[in-house]
Peer 1: 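A single structure is presented below for examination.
So that the names make sense, note that chain A is the first sequence line, chain B the second, and so on, each numbered from 1.
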Amino acid sequence: MILPRNFYTRDDVVLIARELLGKTLYSSINGILTSGLITETEAYAGVTDRASHAFNGRRTSRTEVMFMAGGTAYVYLCYGVHSLFNVVTSFEGTPNAVLIRSVKPMEGLEAMKCRNGKTSMGLREGTGPGKVSKILGIHYSHSGWPLVHEKGRPSGDGLWIEDVGIVPDPALIIAGPRIGVDYAGDDALLPYRFRISL
DNA sequence: CGGCCGATCCACT
DNA sequence: GTGGATCGGCCGA
């Protein structure tokens, strides 16, 4: 089942980050279908979170996508090299988002191998936000694409997330501080990172 | 308009 | 464990 709009349009971005564990992220890019099971996420709590691009209501052409309704893709370029994929959550005007940090490669393994130049496709290949976008073929030009598709999987290219009936054992979910946000002061310590222990 | 820096990754030691 | 790649976004002048 493709996650519906009302999964995303809730205010508790930290809860949504936790609930995205075990869901499957799909991409159809240039007609190629690939997917990965989400195993690690980070919540970015909009205007009150120093680590967020939209902290203090900062609104620019890049962050404008974060202010759209929940269920939209926010993808940006990091270090001039990597596209990082985020899920916009909450309601229009509230710029919350969840960064997908790791996936377990599922469908389209051959295409993924081709995209990252590897000869095998194991858990390692989907670990790290830059690598998630790399293997799924997601690019920062895809920022603003919808994740909600009312009429089933899109016929052309698109991005979406499906509930495949996997509910991680709460005891196996590890919460901790986010990665690479030292600049965020006290907010860098918030336990907004979630991952499924292996 | 110039300069700094980043929600990272990989090769190399 | 560490440093370089690499370039758009953001800020200050």
Peer 1: So what does A:Arg178 touch, heavy atoms closer than 4.0 Å: a base, only the sugar-phosphate, or nothing?
Peer 2: nothing
Peer 1: Give the rounded distance in Å between these two atoms: OH of A:Tyr183 and P of B:dA7.
Peer 2: 4 Å
Peer 1: Expressed as a whole number of angstroms, how long is the span from A:Arg58:CZ to C:dG8:C1'?
Peer 2: 13 Å
Peer 1: Between atom CG in A:Leu77 and atom P in B:dC4, what is the gap in whole Å?
Peer 2: 19 Å
Peer 1: Output yes when at least one side-chain N/O atom of A:His53 is less than 4.0 Å from OP1 or OP2 of B:dA7, else no.
Peer 2: yes
Peer 1: Output the rounded distance in Å from CD (A:Glu42) to P (B:dA7).
Peer 2: 11 Å
Peer 1: Provide the Watson-Crick or G-U wobble partner of C:dT6, both distances under 3.5 Å; none if there is no partner.
Peer 2: none
Peer 1: Taking all non-hydrogen atoms of both residues into account, name the closest pair between A:Phe194 and A:Ala175 and its distance.
Peer 2: CE2-CB, 3.6 Å
Peer 1: Going by number, which of residues 79-98 of chain A have a non-hydrogen atom under 4.0 Å from DNA chain C?
Peer 2: A:Tyr79, A:Gly80, A:Val81
Peer 1: A cation-pi test, strictly: NZ or CZ of A:Arg62 under 6.0 Å from the centre of the six-membered ring of A:Tyr76 and no more than 45 degrees from its axis. Yes or no?
Peer 2: yes
Peer 1: Would you mind reading off the distance between A:Phe194 atom CZ and B:dA7 atom C1', rounded to a whole angstrom?
Peer 2: 16 Å
Peer 1: Side chains of A:Thr34 and A:Ser27: donor-acceptor distance under 3.5 Å anywhere?
Peer 2: yes
Peer 1: Using purine N1 to pyrimidine N3 plus N6-O4 or O6-N4 for Watson-Crick, or N1-O2 and O6-N3 for G-U wobble, each under 3.5 Å, what pairs with C:dA13?
Peer 2: none
Peer 1: What is the distance from OH of A:Tyr140 to C1' of B:dT8, rounded to the nearest Å?
Peer 2: 15 Å
Peer 1: Calculate the interatomic distance between A:Lys134 atom NZ and B:dC10 atom C1'; express it in whole Å.
Peer 2: 11 Å
Peer 1: Whether A:Arg178 engages the ring of A:Tyr44 as a cation-pi pair (distance to the six-membered ring centre under 6.0 angstrom, angle to the ring normal within 45°) should be assessed.
Peer 2: yes
Peer 1: Tell me, do A:Leu147 and A:Leu3 make a side-chain contact under 4.5 Å, heavy atoms counted?
Peer 2: no
Peer 1: Between atom CE in A:Met66 and atom C1' in C:dG9, what is the gap in whole Å?
Peer 2: 14 Å
Peer 1: Examine B:dT8: is either OP1 or OP2 under 4.0 Å from a nitrogen or oxygen in the side chain of A:Arg101? Give yes or no.
Peer 2: yes
Peer 1: If you find the nucleotide of DNA chain B closest to A:Lys118 and the one closest to A:Val181, which residue's nucleotide is nearer the 5' end?
Peer 2: A:Val181
Peer 1: Has A:Thr60 got a side-chain N or O lying under 4.0 Å from the OP1 or OP2 atom of C:dG9?
Peer 2: no
Peer 1: Please name the pair of heavy atoms, one in A:Met121 and one in A:Asn116, separated by the smallest distance, quoted to 0.1 Å.
Peer 2: CE-ND2, 3.8 Å
Peer 1: Would you kindly check if the NZ (Lys) or CZ (Arg) of A:Arg10 is within the cone defined by 45 degrees around the ring axis of A:Tyr8 and under 6.0 Å from the six-membered ring centre?
Peer 2: no
